[in-house]
Protein chains: 2
Amino acid sequence: MSPTPASRRKASSHLPSPSVAAVPLTASTSPMPPALALYQQIKDHISRKIQDGSWPPGHRLPSEHELVAQFGISRMTVNRALRELTEQGRVVRVAGVGSFVAEEKPQSTLLQIANLASEIRQRGHDYRCEVLVVERISASLEVAAALDLRLGDSVFHSLCVHLEDGVPVQLEDRYVNPRVVPDFGAQDFSLQQPSEYLVRNVPFDQVEHVVDAVLPTAEQAERLAMVPTQPCLLLTRRTWTRGVPVTVVRCLHPASRYRLGSRFRADGNPVFG
Amino acid sequence: MSPTPASRRKASSHLPSPSVAAVPLTASTSPMPPALALYQQIKDHISRKIQDGSWPPGHRLPSEHELVAQFGISRMTVNRALRELTEQGRVVRVAGVGSFVAEEKPQSTLLQIANLASEIRQRGHDYRCEVLVVERISASLEVAAALDLRLGDSVFHSLCVHLEDGVPVQLEDRYVNPRVVPDFGAQDFSLQQPSEYLVRNVPFDQVEHVVDAVLPTAEQAERLAMVPTQPCLLLTRRTWTRGVPVTVVRCLHPASRYRLGSRFRADGNPVFG
DNA sequence: AAGTGGTCTAGACCACCGC
DNA sequence: CGGTGGTCTAGACCACTTC
């Protein structure tokens with residue numbers, strides 16, 4: 001077909017540039033109703049070239065100006081397509097030089113870590129949290145290192161068990177920097193558990209996650225109502241506000257009752273349904 | 001508006017109103033950047049309102065039109081700021097209705113799963129892969145289910161050990177759908193290991209990850225040169241092309257030699273350095 | 001009908017790169 | 001110098017929701 005892409009939309013004054021209308025933007029297999037956005041069609045076109053090997057890594061793509069001419073669309077539209085491809089790591093752009101197919105598939109993919117309580121409730125199960133300990137103690141070497149404090153400095157400590165339908169699924173061992181959250185110890189955690197309190201009152205701007213596999217100690221196993229020979233997933237999370245450590249929490253999950261998982265599309269978006 | 005169209009960019013002095021002044025939030029850490037883009041200033045302005053609680057979750061933000069009037073900038077610029085905030089999950093927009101502060105953002109955070117070989121090389125260590133098995137076998141019930149095949153259907157199977165400085169860090173147990181990758185069995189995996197071959201030749205459009213903690217079997221422990229009483233991280237990955245399962249791979253890591261980890265900013269971008 | 005966001009245009013200025 | 005990308009404008013049409 002040759003309907004110039006820009007022609008489908010407006011009855012306004014300009015004429016769609018009669019240029020070489022090389023590529024029909026509304027492709028053959030495309031049904032008509034969704035009528036994909038132009039920038040999306042450009043993204044798809046370029047993605048296809050990259051994925052089928054026509055444009056190998058390092059290959060220079062057409063400049064914005066060339067794409068404008070080729071497709072008969074405006075530069076803003078081309079720019080948006082290229083910008084989003086850059087954000088997705090498929091394209092590398094250098095001002096004053098050009099745009100290039102990114103080297104090395106960013107083989108790194110993402111794993112989504114959901115909120116435990118919502119996850120449980122979303123399954124239609126009962127969620128409950130038992131707060132076992134809230135205290136103020138002296139920082140061990142490890143805790144001091146994690147929170148950028150000195151050995152022996154005072155820190156808040158809380159210990160909770162999270163239960164799904166009455167079965168323990170997480171033992172949450174948390175340390176909180178009192179310089180950032182001085183009121184942590186004065187909270188009523190029967191109304192709002194420690195993590196909820198922090199999420200609502202101490203916004204963070206950085207998060208670090210580490211996932212380990214470990215065997216629980218005898219005490220941990222007892223609190224999780226499991227045998228100590230079964231492995232656990234250990235999710236350690238640290239958060240910062242303006243560069244200052246806020247809290248470090250070690251979430252211990254019996255592997256038989258919990259797994260991390262998520263499904264993503266190649267564009268980095270989660271899959272629903 | 002009729003003030004100078006593009007004349008004032010450099011000044012950047014024009015974030016609006018008298019009421020809100022620049023906050024020392026970035027004062028110390030910011031290396032005095034060269035005049036932030038307008039859309040970025042709008043993003044920052046809105047982010048600040050959200051983060052300091054002025055605009056709680058569910059709060060309706062000013063419409064694009066209002067922001068245009070308030071800041072004296074064009075709608076495209078406002079639109080870009082709001083679009084990017086939406087992509088980052090801080091704002092929810094509904095056409096015909098309005099823009100709202102997203103509910104509960106820390107609902108889910110992301111964990112980045114990097115490419116093992118690059119990760120090892122980036123540490124300055126030696127990376128090597130030993131291909132132990134490449135064969136064509138009958139699908140077990142589990143494999144058939146994972147690849148959407150029938151019990152007993154023919155599938156490719158490969159088994160590799162990945163080593164960091166000669167020490168096994170991953171046992172890769174892979175099954176490949178021959179309907180999608182018929183040539184898998186004919187490859188020379190001494191030049192290009194299975195995962196490299198697949199990444200380069202069979203682009204996927206969906207990925208699923210599941211992380212477990214397990215104890216290795218005696219055979220697995222032997223191949224990983226570890227004791228079978230130590231736990232392992234098990235990363236199971238499935239990929240699809242156009243809805244058809246391509247491969248399922250189970251990556252077993254001795255927990256003592258490997259952990260998953262990553263650090264993100266609140267805006268969802270990884271932290272470097 | 002009025003308001004909202006989603007998209008697009010045809011220009012424009014700028015900083016930067018390589019020649 | 002011309003080419004490149006990064007940004008911005010002042011309009012516009014559309015589909016949609018709400019009143």
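The sequence lines fix the lettering, A, B, ..., with proteins before strands; numbering per chain opens at 1.
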Undergrad: It should be established whether B:Ser74 places a side-chain nitrogen or oxygen under 4.0 Å from OP1 or OP2 of nucleotide D:dG11.
TA: no

Undergrad: How many whole angstroms separate atom CZ of A:Arg93 from atom P of C:dC16?
TA: 17 Å

Undergrad: Test B:Tyr127 against every option in B:Arg121, B:His162, B:Gln122, B:Glu119 by the side chain to side chain donor-acceptor pair (under 3.5 Å) rule and name the one that passes.
TA: B:His162

Undergrad: Quiz question: by atom type and distance under 3.5 Å, do the side chains of A:Ser195 and A:Arg174 form a donor-acceptor pair?
TA: no

Undergrad: Check whether any side-chain N or O of A:Thr77 sits under 4.0 Å from OP1 or OP2 of C:dT7, and answer yes or no.
TA: no

Undergrad: Mind calculating the distance between CZ (B:Phe100) and P (C:dG5) to the nearest angstrom?
TA: 8 Å

Undergrad: A:Ile46 has an atom CD1; how far is it from atom P of D:dG5, in whole Å?
TA: 11 Å

Undergrad: Counting side-chain heavy atoms from C-beta on, which of D:dT9, C:dG5, D:dG5 comes nearest to A:Ser63?
TA: D:dG5

Undergrad: To the nearest angstrom, how far is A:Met76 atom CE from D:dG6 atom P?
TA: 12 Å

Undergrad: What nucleotide among C:dC8, D:dT17, D:dC8 has an atom nearest to a side-chain atom of B:Leu38?
TA: D:dC8

Undergrad: With nearest nucleotides of DNA chain C determined for A:Arg80 and A:Ala95 from heavy-atom distances, which residue corresponds to the more 5′ nucleotide?
TA: A:Arg80

Undergrad: Pick the closest DNA chain C nucleotide for A:Gln40 and for B:Gly96 by heavy atoms, then say which residue is nearer the 5' end.
TA: B:Gly96

Undergrad: Just checking B:Arg259: does its CZ atom have more than 12 heavy atoms from other residues, nucleotides or ligands closer to it than 6.0 angstrom?
TA: no

Undergrad: Phosphate oxygens OP1/OP2 of C:dT4: is one of them under 4.0 Å from a side-chain N or O of B:Ser99?
TA: no

Undergrad: Quick one: do B:Glu172 and B:Arg237 make a salt bridge, cutoff under 4.0 Å?
TA: no

Undergrad: Remember a base hit wins even if backbone is also touched, and classify A:Arg75 as base, sugar-phosphate or nothing at under 4.0 Å, heavy atoms.
TA: base

Undergrad: Just compare D:dT7, C:dC17, D:dT4 and give me whichever is closest to any side-chain atom of B:Ala37.
TA: D:dT7

Undergrad: Specify the separation, in whole Å, of atom OH of B:Tyr39 and atom P of D:dG6.
TA: 9 Å

Undergrad: Rounding to an integer number of Å, can you tell me how far A:Leu67 CG sits from D:dG3 C1'?
TA: 15 Å

Undergrad: If only side-chain N and O atoms count, and only distance matters, is there a donor-acceptor pair under 3.5 Å linking B:Gln40 with B:Asp44?
TA: yes

Undergrad: Counting side-chain heavy atoms from C-beta on, which of C:dC8, D:dT7, D:dG5 comes nearest to A:Asn79?
TA: D:dT7

Undergrad: Distance check needed: D:dA10 P versus B:Phe71 CZ, whole Å only.
TA: 16 Å

Undergrad: Report the distance from atom NE2 of B:His65 to atom C1' of D:dG11, rounded to the nearest whole Å.
TA: 14 Å

